[in-house]
Amino acid sequence: IYLSAKLLIMYAKCGKMSDARQLFDEMPERNVGSWNAILSGHVKNGKIEEAWNIFDKMAERDVVSWTTMIGGYAKTGKIKDARQLFDKMPERNVVSWNAMITGYVQNGMVEDARRLFDEAPERDVVTWTAMVKGYAQKGRIQDARKFFDSMPEKNVVSWTVMVTALAQNGRLEEARVLFDEMPDRNVVSWTAMITGYVQKGRVDDARELFDKMPERDVVTWNAMITGYAQNGKVKEAQRLFDKMT
RNA sequence: AUAUAAGC
């Protein structure tokens, strides 16, 4: 059963929902977990109406099923539907609250997110990070920073969100200070800082970080190469592109 | 096995 569920997820990741459906229909035993797997597959492929039909048919739903649907509606901009489900669900955990809060953030509704944040019976690092991101994308950097500084615990994602917030709002020096203070950095953190420099035309600072970082992925290479290109350094872009292969 | 946050 668990193996089949893994297969379902694999199919879903490749967008092969019809294969997933067939496998699911042939499964001898379907528990709420396998139903959730197929539900999640449809949501990930943007098939929200299909997902609803499945959800509606499910004999048994758990907190994961409900939360999957909330995330699906939120991502497709149907925030009101998401909220209706959220209000209707029989029990919630911190992930359900987070899904609803990040749903508001994704739809630019940071005040609604804040209201829910205040109401939430429990908050974790995801809850807090979502609020930092919510204020940051509204340009409300000092509110974002206030939340960031109040966080009971931070991880590499929270740090990276805050660094990105500062960098995207042109506050590169502050971003760099924070970047240097990070207890851990990963490839996303490095790339966020590089992108910040590139957007301000500071390709040499970007390149310094690029050379210093322990590992690069396709997003990093792309940021650096297009950074050169957009700043008129076509030769450098070409040279780096060749180095990549 | 399945749900929520970061660089595009």
> Considering only heavy atoms, which members of residues 51-62 of chain A lie under 4.0 Å from some atom of RNA chain B?
Replying inline: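 Within residues 51-62 of chain A, no residue comes under 4.0 Å of RNA chain B.
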> Heavy atom of residues 188-205 of chain A under 4.0 Å from RNA chain B: which residues?
Replying inline: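 Contacts with RNA chain B under 4.0 Å: Val188(A), Thr191(A), Ala192(A), Thr195(A).
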Mind calculating the distance between [atom1] ([X]) and [atom2] ([N]) to the nearest angstrom?
X         : N     : atom1 : atom2 : answer
Met224(A) : G7(B) : CE    : P     : 19 Å
Trp35(A)  : A3(B) : CH2   : P     : 18 Å
Phe24(A)  : U2(B) : CZ    : P     : 15 Å
Ile38(A)  : A1(B) : CD1   : P     : 17 Å
Trp97(A)  : A3(B) : CH2   : C1'   : 17 Å
Asn31(A)  : A1(B) : CG    : C1'   : 8 Å
Trp66(A)  : A3(B) : CH2   : P     : 18 Å
Phe117(A) : A5(B) : CZ    : P     : 17 Å

>> Do the side chains of Asp112(A) and Arg115(A) get close enough for a salt bridge, i.e. N-O under 4.0 angstrom?
In response: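 A salt bridge links Asp112(A) with Arg115(A).
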> Do Asp143(A) and Arg140(A) sit within salt-bridge range, that is, some charged N less than 4.0 Å from a carboxylate O?
Replying inline: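 Salt bridge present between Asp143(A) and Arg140(A).
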> Should the pair Phe147(A) and Tyr135(A) be assigned to parallel (<30°), tilted (30 to 60°) or perpendicular (>60°) ring geometry?
Replying inline: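 Because their plane-to-plane angle lies in the 30° to 60° range, the rings of Phe147(A) and Tyr135(A) count as tilted.
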> Using 30° and 60° as the class limits, which term best fits the ring planes of Tyr73(A) and Trp52(A): parallel, tilted or perpendicular?
Replying inline: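 Geometry flag for Trp52(A) against Tyr73(A): tilted rings.
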>> To the closest 0.5 Å, what do you measure between CD (Gln199(A)) and CG (Asn231(A))?
In response: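 If I round to the nearest 0.5 Å, the distance is 10.5 Å.
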Nearest to the side chain of [X] - [options]?
X         : options             : result
Asn36(A)  : A6(B), U2(B), G7(B) : U2(B)
Asn186(A) : A6(B), G7(B), A5(B) : A6(B)
Val95(A)  : A3(B), C8(B), A5(B) : A3(B)

Let me have the donor-acceptor pairs involving side chains of residues 233-245 of chain A, under 3.5 Å, with sequence neighbours excluded, atom names and distances please.
{"from": "Glu236(A)", "atom 1": "OE2", "to": "Arg239(A)", "atom 2": "NH1", "distance (Å)": "2.9"}
{"from": "Thr245(A)", "atom 1": "OG1", "to": "Asp242(A)", "atom 2": "O", "distance (Å)": "2.9"}

Just to be sure I understand the rule, does [X] reach a base, reach only the sugar-phosphate, or reach nothing, if contact means heavy atoms closer than 4.0 Å?
X         : result
Gln106(A) : sugar-phosphate
Asn93(A)  : base
Thr220(A) : base
Gly71(A)  : nothing
Asp217(A) : base
Lys44(A)  : sugar-phosphate

>> For Val63(A) and Met89(A): C-alpha separation, side-chain torsions, deciding distance, then whether side-chain contact (heavy atoms from CB on, under 4.5 Å) applies.
In response: CA-CA 8 Å; Val63(A) 63; Met89(A) 63 193 291; 3.8 Å; yes
> Judged by modelled atom types alone, do Arg176(A) and Tyr197(A) share a side-chain donor-acceptor pair under 3.5 Å?
Replying inline: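 Result is yes, a qualifying pair exists.
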> Does Lys154(A) have a side-chain nitrogen or oxygen under 4.0 Å from the phosphate oxygens OP1 or OP2 of A6(B)?
Replying inline: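 Looking at the OP1 and OP2 atoms of A6(B), neither is under 4.0 Å from any side-chain N or O of Lys154(A).
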>> Please tell me if Gln168(A) has a side-chain N or O lying less than 4.0 Å from either OP1 or OP2 of A6(B).
In response: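 For Gln168(A), the contact criterion (side-chain N or O under 4.0 Å from OP1 or OP2 of A6(B)) is not met.
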>> With hydrogens left out and only the distance checked, is there a donor-acceptor pair under 3.5 Å joining Asn98(A)'s side chain and the base of A3(B)?
In response: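 Such a pair does not exist between side chain and base.
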> Which pair of non-hydrogen atoms, one from Glu215(A) and one from Val187(A), has the smallest distance, and what is that distance?
Replying inline: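 Looks like O-CG2, 3.6 Å.
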> What do you reckon, is NZ of Lys154(A) surrounded by more than 12 foreign heavy atoms closer than 6.0 Å?
Replying inline: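 Count over threshold, so yes.
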